[in-house]
Amino acid sequence: MSKVLSAVAWPYANGPRHIGHVAGFGVPSDVFSRYMRMAGHDVLMVSGTDEHGTPILVAADAAGVTARELADTNNALIVQDLVDLGLSYDLFTRTTTGNHYRVVQELFRGVHANGYLVEQTTYGAISPSTGRTLPDRYIEGTCPICGYADARGDQCDNCGNQLDPTDLLDPRSKINGETPEFIETQHFFLDLPALAQALQDYLGGREASGTWRPNVIKFSLNLIEDLKPRAMTRDIDWGIPVPLDGWREQSAKRLYVWFDAVVGYLSASIEWARRLGDPERWRDWWNDPEALSYYFMGKDNIVFHSVIWPAELLAYNGAGERGGEAGEYGTLNLPTEVVSSEYMTMESKQFSTSRGHVILVGDMLSRYQPDALRYYICAAGPETSDADFTWSDFVLRTNSELVAGWGNLVNRTATMLAKNFGEIPAAGALEPVDETILATVRAGFDSVGDLVGRQRLRAGIAEAMRVVGEVNKYLTVTEPYKMKDESQRERLATVLHVAAQCVVDCNTLLAPFLPHSANLVHAALGGEGEFMPMPRIETVEELDTDNGAGLATYPVITGDYSATPSWQSHPVRVGAPVAKPTPIFTKLDPSVVEEELARLEK
RNA sequence: GGGGCGGUAGCUCAGUCGGUCAGAGCAGAGGACUCAUAAUCCUUGGGUCGUGGGUUCGAGCCCCACCCGCCCUACCA
């Protein structure tokens with residue numbers, strides 16, 4: 001048994017999230033975390049909403065509200081979506097809490113004290129009316145190379161040349177059209193070159209483990225070949241104050257959103273421990289070199305998790321070429337695994353909230369079962385390459401695999417049990433065919449477990465469904481529905497007992513993927529209580545009112561997962577009542593394809 | 001410009017160290033069965049493995065070039 005940190009990417013709170021987001025980080029991390037708990041590991045699964053940065057400010061301005069108000073609204077929406085999906089966070093918090101501010105500032109101070117944050121003067125654009133940094137991508141102008149009128153500050157979409165915003169002719173703010181002002185400004189830069197060797201050693205070791213997805217490790221190793229210092233502060237009035245004398249008081253200088261966002265994994269772990277009343281407990285996951293950590297995200301976040309965050313940690317630990325000492329949090333663990341998903345497209349095009357080419361998680365869950373979405377994401381998600389979500393494929397997979405394959409097995413088994421015995425009967429002598437199917441199903445714990453433990457979810461759920469198919473075959477071969485004569489009563493009881501055991505075991509195999517329906521199947525076959533613990537929303541009070549963005553209370557996702565069932569066969573209880581079942585999964589009418597496509601057209 | 005990923009049966013995709021690797025699921029066709037949300041089970045797949053070279057006794061799998069699609073390039077997973 002190991003300490004396992006499940007570090008899940010922090011959804012950005014500039015709006016509600018779409019199903020591509022939860023396909024990238026949410027569902028895969030939950031399946032993995034639930035499996036690891038079942039396998040006996042001590043899992044700490046944390047995340048939260050990422051609420052700082054320019055995009056939130058821009059969205060807030062557009063909506064006529066403050067950044068805090070916008071973040072509050074979207075945090076609430078996102079929390080609801082994630083709970084509805086059944087994502088089993090130990091703590092899902094936010095980056096505007098006093099605790100987060102405090103932890104981020106300690107990290108920054110530690111990195112600064114060790115000499116890895118260097119002050120530099122840079123030349124950057126600000127908005128004259130607000131005094132805020134204008135990020136390159138928010139500046140438009142005429143391309144000096146090809147004359148394209150709507151070139152972006154970082155790159156011209158027409159000729160593809162990389163640009164510097166100062167190169168643009170007639171530069172203008174994409175936000176309000178005004179002409180940006182280019183000023184000299186002071187910022188702190190993370191000295192990545194001084195950490196390059198340490199990063200090289202770290203990533204080299206990770207590469208040697210052979211467990212990272214090839215594109216992630218290759219991409220990361222490529223990045224560290226050419227490291228430059230990177231700004232960790234911004235001219236912006238929405239973010240975490242720089243915790244140094246002379247800077248703290250400057251309301252227009254804040255920490256770069258990505259400096260603080262990745263620290264969230266640590267701050268959320270600490271918040272979790274504090275709320276537990278055991279404030280040092282987080283150290284089991286962060287200071288023990290034997291503890292494992294798995295970070296889940298979409299591919300556009302790889303650099304922050306495989307390079308920037310390890311660099312921050314190495315700098316805090318004092319492990320770069322400038323040396324140094326760890327601060328009050330001690331020597332912190334670097335990521336064991338960076339598990340990155342690719343992109344999920346929809347109907348062959350990239351999701352685009354602004355263009356309305358999007359399926360929001362909340363909309364999806366208002367019309368379909370959460371486990372139907374979870375099944376689709378696990379079976380056809382963007383695990384190692386981009387994957388296309390289409391409504392016709394969603395309907396097909398739901399109906400032919402979830403409903404016809406698994407749901408039907410549960411239904412036919414429970415129906416025969418209810419009709420013939422009204423309970424789980426005791427088995428008589430087992431025949432070879434019975435022994436074989438029981439062994440086949442039990443072998444699934446090894447094969448499925450091995451795949452899920454290596455984050456091979458597509459292969460894992462396919463293997464579980466293969467086992468389901470074997471059990472369907474068992475019923476076809478043994479033909480219990482033909483055993484109507486009293487002389488066959490004992491054989492009937494035996495077959496149905498075996499079938500019930502197989503269904504219960506399949507349910508356990510599928511439980512990490514389909515926790516909601518696992519509880520329904522459990523109950524349908526006479527199981528008592530809840531099988532898979534589910535998360536809940538709890539409103540909590542701010543722990544550090546002297547810091548943070550001024551929250552008083554806020555919603556978090558949490559849960560007690562200590563009753564998670566173990567990853568093994570759980571014997572059925574003879575005599576457990578089985579009533580005529582109601583179908584677990586809803587079959588979808590093919591017309592939903594057209595309906596949903598029509599929704600997209602709007 | 002630089003970097004990455006993908007191009008395998010109608011569709012969605014597996015193919016780890018090069019030698020039963022030419023596969024699975026779905027769709028389609030035929031059959032069996034009726035407990036089950038007409039669900040299940042069995043049988044049925046000859047696709048230049050993007051193109052052209054090369055290395056090798058042997059290459060989807062390695063190398064080179066090219067074509068096509070997608071993505072990243074540091075503030076939208």
Side-chain angles (χ1 to χ4, degrees), chain A residues 8-12 14-15 17-26 50 52-59 133 135-138 154-155 159-162 210 214-216 218-219 222-223 225-226 228 230-231 234 236 256-258 261 296-304 307-308 340-345 348-354 379-380 382 384-388 390 392-393 396-397 399-401 403-405 407-420 458-459 462 465-466 469 471-477 479-483 496 499 581-587:
Chain A
V8 189
W10 292 49
Y12 199 60
N14 63 339
R17 295 298 89 185
H18 58 64
I19 60 171
H21 293 111
V22 294
F25 64 82
D50 176 11
H52 296 127
T54 305
I56 295 237
L57 266 184
V58 172
T133 297
D136 293 353
R137 66 187 196 122
Y138 281 107
D154 52 349
Q155 181 176 334
C159 65
N161 282 293
Q162 198 145 20
N215 59 328
V216 178
K218 277 164 64 181
F219 181 67
N222 189 337
L223 285 168
E225 305 229 325
D226 181 30
K228 292 192 268 291
R230 185 159 167 156
R234 288 291 187 275
I236 188 174
Y256 171 45
V257 62
W258 267 114
F296 293 86
M297 75 219 65
K299 63 178 165 186
D300 57 339
N301 276 192
I302 292 174
V303 61
F304 299 105
V307 178
I308 306 296
S340 162
S341 296
E342 303 297 300
Y343 280 111
M344 179 173 259
T345 54
S348 302
K349 283 189 291 190
Q350 192 165 11
F351 280 100
S352 169
T353 305
S354 57
T384 54
S385 62
D386 291 353
D388 193 31
T390 65
S392 62
D393 197 37
L396 189 68
R397 282 190 178 269
N399 288 349
S400 66
E401 297 175 28
V403 176
N408 181 52
L409 174 62
V410 175
N411 214 32
R412 67 197 297 212
T413 303
T415 299
M416 285 188 277
L417 281 165
K419 202 179 284 186
N420 293 292
R458 288 175 70 127
M465 292 301 284
R466 184 190 65 78
V471 181
N472 265 321
K473 189 186 300 184
Y474 170 78
L475 289 178
T476 299
V477 170
E479 302 180 314
Y481 40 83
K482 287 185 177 172
M483 301 172 187
L496 292 185
T582 51
I584 306 288
F585 299 105
T586 306
K587 186 168 179 173

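Note on naming: letters A, B, ... go to the chains in the order of the sequence lines (proteins, then strands), and numbering restarts at 1 for each one.
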- Message: Over all strands shown, is Trp258(A) touching base, sugar-phosphate only, or nothing at heavy-atom distances under 4.0 angstrom?
- Response: sugar-phosphate
- Message: Restricting to side chain to side chain contact (heavy atoms under 4.5 Å, CB included), what partner residues turn up for Lys482(A), sequence neighbours left out?
- Response: Glu479(A)
- Could you give the distance separating rA65(B) and rC5(B) at their P atoms, to the nearest angstrom? 15 Å
- side chain to side chain donor-acceptor pair (under 3.5 Å) against Arg234(A), all qualifying residues, sequence neighbours excluded: none
- Item | Distance, nearest 0.5 Å, that separates CG of Asn408(A) from OG1 of Thr413(A) | 8.5 Å
- Message: Test of understanding: with side chain to side chain donor-acceptor pair (under 3.5 Å), list the residues that count as partners of Arg397(A), not counting sequence neighbours.
- Response: Glu401(A)
- How would you label the contact of Val303(A) with the nucleic acid (heavy atoms, under 4.0 Å): base, sugar-phosphate, or nothing? base
- Nearest whole angstrom, please: distance from the P of rC76(B) to the NE2 of His21(A). 11 Å
- Item | Integer angstrom distance from the C1' of rG19(B) to that of rG60(B) | 14 Å
- Query: With rounding to whole Å, what would you report as the distance between rA22(B) and rG50(B) at their P atoms?
  - Reply: 16 Å
- Task: In whole angstrom, give me the gap between the C1' atoms of rC49(B) and rG15(B).
- Result: 11 Å
- Message: So, using side chain to side chain contact (heavy atoms under 4.5 Å, CB included) as the criterion, who are the partners of Leu396(A) when residues are at least two apart?
- Response: Asp393(A), Ser400(A)
- Item | Secondary-structure notation, RNA chain B, from Watson-Crick and G-U pairs under 3.5 angstrom (| other strand) | (((((((..((((.........)))).(((((.......))))).....(((((.......))))))))))))....
- Message: Base, sugar-phosphate or nothing for Asn301(A)? Non-hydrogen atoms, less than 4.0 Å.
- Response: sugar-phosphate
- With heavy atoms under 4.0 Å as the rule, sort Met344(A) into base, sugar-phosphate or nothing. base
- Listed by chain and number, what are the side chain to side chain contact (heavy atoms under 4.5 Å, CB included) partners of Lys419(A), not counting sequence neighbours? Thr415(A)
- Apply ring pair (Phe, Tyr, Trp, His ring centres under 6.0 Å) to Tyr12(A) and list each qualifying residue two or more places apart in sequence or on a separate chain. none
- Short side-chain N/O contact from Lys473(A) to OP1 or OP2 of rU40(B), under 4.0 Å: no
- Message: To the closest 0.5 Å, what do you measure between OH (Tyr481(A)) and CG (Asn420(A))?
- Response: 13.5 Å
- Which nucleotides of nucleotides 2-12 of chain B have their base under 4.0 Å from a protein heavy atom (B), which only their sugar-phosphate (S), and which neither (-), written as one string 5' to 3'? -S-S-------
- Query: Glycosidic conformation of rG60(B), syn or anti, with 90° from 0 as the boundary?
  - Reply: syn
- Query: If we take the P atom in both rC64(B) and rG25(B), what is their distance in whole Å?
  - Reply: 36 Å
- Message: Give me the atom names and distance for the closest heavy-atom approach of Ala59(A) to Asn14(A).
- Response: CB-O, 4.3 Å
- Item | Listed partners of Tyr474(A) passing ring pair (Phe, Tyr, Trp, His ring centres under 6.0 Å), at least two apart | none
- Note on the structure: The contact string for nucleotides 33-39 of chain B, one letter per nucleotide 5' to 3', using protein heavy atoms under 4.0 Å with B, S and - for base, sugar-phosphate only and none, comes out as SSBBB-S
- Query: What residues, two or more places apart in sequence or in another chain, satisfy side chain to side chain donor-acceptor pair (under 3.5 Å) together with Thr345(A)?
  - Reply: Asp388(A)
- Considering only the C1' atoms, how many Å lie between rC61(B) and rU56(B), rounded to the nearest integer? 13 Å
- Item | Those residues that, when tested against Asn301(A), pass side chain to side chain donor-acceptor pair (under 3.5 Å) (two or more places apart) | none
- Walk me through it: do Asn472(A) and Arg412(A) pass the test side chain to side chain contact (heavy atoms under 4.5 Å, CB included)? CA-CA 9 Å; Asn472(A) 265 321; Arg412(A) 67 197 297 212; 2.8 Å; yes
- Query: Given the P atoms of rU51(B) and rC11(B), what is the spacing between them in whole Å?
  - Reply: 16 Å
- Task: Could you check whether Gly15(A) gets within reach of a base, just the sugar-phosphate, or nothing at all, counting any heavy atom under 4.0 Å?
- Result: nothing
- Whole-Å C1' distance, rA14(B) and rU8(B): 10 Å
- Task: Report the residue (Val477(A) or Ile308(A)) whose heavy-atom-nearest nucleotide on RNA chain B is the more 5′ of the two.
- Result: Val477(A)
- Could you tell me whether Phe25(A) contacts a base, only the sugar-phosphate backbone, or nothing, with contacts defined as non-hydrogen atoms closer than 4.0 Å? sugar-phosphate
